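For reference, the structure is listed below as structure tokens.
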2 protein chains.
Amino acid sequence: MSKKAQITVSQIIQAALSVAADKGAGKVTLDAVAKAAGVSKGGLIYHFPSKEALISAMVQHLLDEADCRREQQTQLEQSTLAALLQTRASFTRQIAGNTAMAILAAAAEQPALLKPVQQHNIAMLQQVQAEHQQSPQALLLFLASEALVFHDLLQISPFTEQERIDLEQLLVQQARELQA
Amino acid sequence: MSKKAQITVSQIIQAALSVAADKGAGKVTLDAVAKAAGVSKGGLIYHFPSKEALISAMVQHLLDEADCRREQQTQLEQSTLAALLQTRASFTRQIAGNTAMAILAAAAEQPALLKPVQQHNIAMLQQVQAEHQQSPQALLLFLASEALVFHDLLQISPFTEQERIDLEQLLVQQARELQA
DNA sequence: TTTACTGTACCAACCAGTCGGTTTTTTGTG
DNA sequence: CACAAAAAACCGACTGGTTGGTACAGTAAA
């Protein structure tokens with residue numbers, strides 16, 4: 001794959017994300033994505049031989065991005081859990097529009113496409129559990145944070161913006177205190 | 001609406017739920033639901049003038065059912081929170097197949113269809129908060145339980161069956177101790 | 001020469017919703 | 001209770017539009 005092709009692939013994925021965010025999970029069609037990416041449908045199919053491949057790439061892209069940000073944050077925090085919660089607090093809403101509908105599109109299309117998400121989650125959980133010796137409280141914090149993400153995902157958060165911010169800080173705070 | 005019509009409506013909703021569970025959220029089509037319900041497409045449309053109406057009814061049905069079960073459980077527990085967690089522990093997986101894909105179908109189709117779910121959630125949360133004087137720990141338990149539900153919803157639970165059961169019992173236990 | 005596309009035309013499958021007509025149920029009346 | 005008229009419930013072929021994917025001839029760049 002040449003450099004230009006890499007750029008094109010990246011553009012297509014970004015376009016797919018923005019279509020999902022703007023039009024909704026159900027409107028991620030090949031034509032719409034191609035148009036948004038400034039690419040012909042033939043060009044899209046050239047890189048992603050099927051819609052499934054495209055959505056799979058979207059999901060993978062999001063996971064990679066999340067990983068990257070968490071790694072950076074890890075250097076500023078004492079524990080994986082604290083870094084994880086802080087990362088989610090900082091970026092969740094910012095990328096929520098993109099992520100939410102993308103994940104949803106994947107789930108509705110074919111639940112198997114979320115398997116990478118599950119494995120990613122398992123890895124996170126194991127690391128947190130290991131760092132805190134299976135502490136139930138650490139597990140609770142981890143799960144609570146996930147609930148907040150899911151709320152955004154489905155756009156059913158019961159919190160106001162401020163409540164949400166306070167809550168996220170509470171989670172981070174408790175995570176930091178856990179090992180202190 | 002006659003008695004027979006009520007039965008038909010109920011059959012259609014049940015059929016819609018089972019189609020969602022069996023075939024996936026993306027496969028909830030009017031034809032598929034009609035066939036599963038043993039009803040013609042015309043008959044389906046007669047009762048639900050649009051797909052949106054059908055999915056909306058599905059969601060409402062699930063909320064009503066959940067409400068009913070929680071009310072029963074409330075009489076056996078000391079707090080709303082404990083009842084809520086225990087109800088989820090007992091029934092989540094049993095109805096997960098149905099519920100999961102139904103909610104997902106609604107979300108992918110049109111996020112606004114989940115508004116009743118959100119309001120339902122807000123009401124729950126307020127009651128829990130009121131009963132426990134805004135206790136952060138109660139909130140954490142509530143959120144953790146929601147995370148478990150969402151895991152089932154998207155079929156991305158990082159837990160084994162046994163871990164899941166233990167975890168649910170842990171949540172219930174902590175909820176009961178909260179006000180003791 | 002291979003890779004990376006463009007552009008267009010096309011297709012089969014699918015899908016929400018319509019419509020004219022039929023059956024079943026309810027209701028008003030003697 | 002009997003019975004017809006009216007209303008409600010239901011049928012299923014059909015329509016118009018969309019979608020994922022194909023085919024392919026041609027072009028531009030690496």
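Quick note on labels: first sequence line is chain A, next is B, and so on, each numbered from 1. Everything quoted here is computed from the prediction, not taken from an experiment.
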Requested in this report: Describe the nucleic acid contact of A:Val28 in one word from base, sugar-phosphate, nothing, applying a heavy-atom distance below 4.0 Å.
Outcome: sugar-phosphate
Report summary line: From the candidates C:dC15, D:dC11, C:dT6, the one with an atom nearest any side-chain atom of B:Asp31 is C:dC15
Requested in this report: Whole angstrom is fine here: how far is it from CZ in B:Phe48 over to C1' in C:dA16?
Outcome: 16 Å
Requested in this report: Please check if any side-chain donor atom of B:Gln137 sits under 3.5 Å from a side-chain acceptor atom of B:His132, or the reverse.
Outcome: no
Query raised in the report: Mapping A:Ile45 and A:Gly26 to their closest nucleotides on DNA chain D, which lands nearer the 5' end?
Result: A:Gly26
Query raised in the report: Would you say A:Lys4 reaches C:dA4's phosphate, i.e. side-chain N/O to OP1/OP2 under 4.0 Å?
Result: no
Query - Rounded distance (Å) that lies between atom C1' of C:dC5 and atom CD of A:Gln11 - result: 13 Å
Report task. Give B:Thr29 one of three labels, base, sugar-phosphate or nothing, depending on what nucleic acid heavy atoms sit under 4.0 Å from its own. Result -> sugar-phosphate
Requested in this report: Could you state the atom-to-atom distance from NZ of A:Lys27 to P of D:dG20 in whole Å?
Outcome: 12 Å
**Report entry** Length of the CD1-P vector between B:Ile55 and C:dG17, whole Å
**Finding:** 10 Å
Query raised in the report: Can a donor-acceptor pair be found between the side chains of A:Ser18 and A:Gln14 at a distance below 3.5 Å?
Result: no
Requested in this report: Can you tell me the distance, in whole Å, between the CD1 atom of B:Ile7 and the P atom of C:dT25?
Outcome: 11 Å
Report task. Look at the side-chain N and O atoms of A:Tyr46 and state whether any lies under 4.0 Å from the OP1 or OP2 oxygen of C:dC5. Result -> no
Requested in this report: Whole angstrom is fine here: how far is it from CG in A:Leu54 over to P in D:dT19?
Outcome: 15 Å
Query raised in the report: Across the strands shown, which category fits A:Leu30 at heavy-atom distances under 4.0 angstrom: base, sugar-phosphate, nothing?
Result: sugar-phosphate
Requested in this report: Could you state the atom-to-atom distance from CG of A:Leu44 to P of C:dA4 in whole Å?
Outcome: 15 Å
Requested in this report: Tell me whether the OP1 or OP2 atom of D:dC10 has a side-chain N or O from B:His47 closer than 4.0 Å.
Outcome: yes
Query raised in the report: Does B:Lys41 make a side-chain N or O approach to OP1 or OP2 of D:dG12 shorter than 4.0 Å?
Result: no
Query - Distance-only donor-acceptor check, side chains A:Ser145 and A:Arg88, under 3.5 Å - result: yes
**Report entry** Residues B:Leu125, B:Leu139; criterion side-chain contact (heavy atoms from CB on, under 4.5 Å); working and verdict
**Finding:** CA-CA 8 Å; B:Leu125 181 60; B:Leu139 182 53; 3.6 Å; yes
Query raised in the report: Whole-Å distance between C:dC14 C1' and B:Lys23 NZ?
Result: 14 Å
**Report entry** A:Thr80 and A:Gln127: side chain donor to acceptor below 3.5 Å
**Finding:** yes
Query - Under-4.0 Å side-chain N/O to phosphate OP1/OP2 contact, B:Thr8 with D:dC10 - result: yes
